[in-house]
Amino acid sequence: PYDVLIVGGGPAGAAAAIYAARKGIRTGVVAERFGGQVLDTLAIENFVSVKETEGPQFATALEQHVKAYDVDIMNVQRAEQLIAGDKLIEVKLANGGVLKGKTVILSTGARWREVNVPGEREYRNHGVAYCPHCDGPLFKGKRVSVIGGGNSGVEAAIDLAGLVQHVTLLEFAAELKADAVLVKKLKSLPNVTIVTSAQTTEITGDGKKVNGISYKERETGEVRHVELEGVFVQIGLVPNTEWLKGTVALSKHGEIEIDAKGQTSIPGVFAAGDVTTVPYKQIVIAVGAGATAALSAFDHLIRSSVD
Ligand code: FAD
């Protein structure tokens with residue numbers, strides 16, 4: 001068995017692998033797609049100490065750093081089940097294989113919920129964005145739209161309003177669902193237009209980048225078009241925990257509940273990164289959490305009975 005078996009090869013999993021391997025213990029990483037969400041990212045400008053890089057380049061750097069250590073990387077493998085035994089924890093893979101660990105670190109990340117309208121996929125990273133902390137500054141002085149009137153959408157709109165020329169917030173329901181204090185703040189901003197009962201129908205572009213958004217007024221059925229340069233989709237971040245239901249404790253949003261050491265509800269099972277209840281989903285935060293989880297797993301191993 002592995003001393004530390006890591007499921008997920010994004011920034012959190014890579015950091016966990018490096019920290020575990022540096023303890024000289026048997027470490028394995030199994031990942032569906034080594035690199036994780038950063039593979040879908042263009043510019044990264046907020047990973048502290050790296051002024052500017054690109055997602056695929058960052059993913060290659062992660063992999064090279066992990067490969068500098070004695071770590072088994074099992075890429076393009078999907079975990080389907082976690083089984084916590086008395087001594088060992090098992091991870092069943094889609095290919096039928098079973099991996100065993102004395103400790104396991106879960107770092108399967110998350111994915112942004114998409115609006116699924118024409119233009120969204122085509123213009124992803126070319127005007128369609130999902131992370132205001134990451135991509136907000138790219139739209140400085142421009143016009144943007146935020147899709148979604150829940151807490152994340154309204155927070156994004158407030159955040160962006162301080163950077164961009166104008167924000168149009170589109171909410172499908174008749175009312176914004178965010179906390180009242182956020183809605184009040186949003187309504188006080190001069191450069192924000194709020195449209196409720198609006199169903200986004202298309203993100204338009206010139207073939208290279210976004211140039212507008214179309215939505216249907218749900219009450220009248222009329223379709224409207226707004227010219228702009230950017231669209232932030234803020235309708236939810238979905239943790240990749242479907243395969244863990246009924247095992248580790250999950251929050252009501254499906255995130256793995258962890259304590260400050262990255263410990264889950266199952267002894268010997270730790271978790272890190274976007275898949276957990278950690279506030280703020282960012283690379284630098286996932287990397288720190290991966291290190292925490294690996295150090296906690298090591299701590300668990302040295303306190304467990306010797307066999
Ligand atoms: P992930 O990166 O999601 O990695 C999860 C890993 O688990 C992957 O290897 C995946 O294949 C694997 N996995 C999932 N399910 C399974 C399974 N069942 N079995 C096996 N493996 C599995 N953050 C920033 O800080 N700056 C930015 O500029 C930035 N820009 C972004 C732009 C975009 C378009 C996106 C989508 C995200 C961006 N983020 C940015 C957020 C950042 O990418 C995430 O916070 C970070 O990648 C989280 O790392 P993670 O390791 O927790 O999860």
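Everything numeric here is computed off the predicted structure, so don't read it as measured data. First listed ligand is number 1; within each ligand, the first listed atom is number 1.
Around atom 33 (C) of ligand 1, the closest heavy atom drawn from Thr41, Leu39, Val30 belongs to Thr41.
Between Trp112 and ligand 1 there is a heavy-atom distance shorter than 4.0 Å. Ligand 1 lies out of reach of Ala14, whose nearest heavy atom is not under 4.0 Å from it. The shortest heavy-atom distance from Ala110 to ligand 1 is under 4.0 Å. Not a single heavy atom of His133 sits less than 4.0 Å from an atom of ligand 1. Proximity of Val275 to ligand 1 is not established, as no heavy-atom distance is less than 4.0 Å.
Neither the backbone nor the side chain of Ala129 comes within 4.0 Å of ligand 1, counting heavy atoms alone. Contacts of Cys131 with ligand 1, taken as heavy-atom pairs under 4.0 Å, are absent altogether. The proximity of Thr108 to ligand 1, defined as any non-hydrogen pair under 4.0 Å, involves the side chain as well as the backbone.
Proximity of a side-chain donor or acceptor of Thr204 to a complementary backbone N or O of Gly212 within less than 3.5 Å is detected. When atom types are taken as modelled, the side chain of Thr168 and the backbone of Thr193 share no donor-acceptor pair closer than 3.5 angstrom.
For Phe172, there are no ring-ring contact (aromatic ring centres under 6.0 Å, His included) partners two or more places apart in sequence or in a different chain.
Side-chain contact between Pro1 and Lys87: absent, with no pair of heavy atoms (C-beta onward) separated by less than 4.5 Å.
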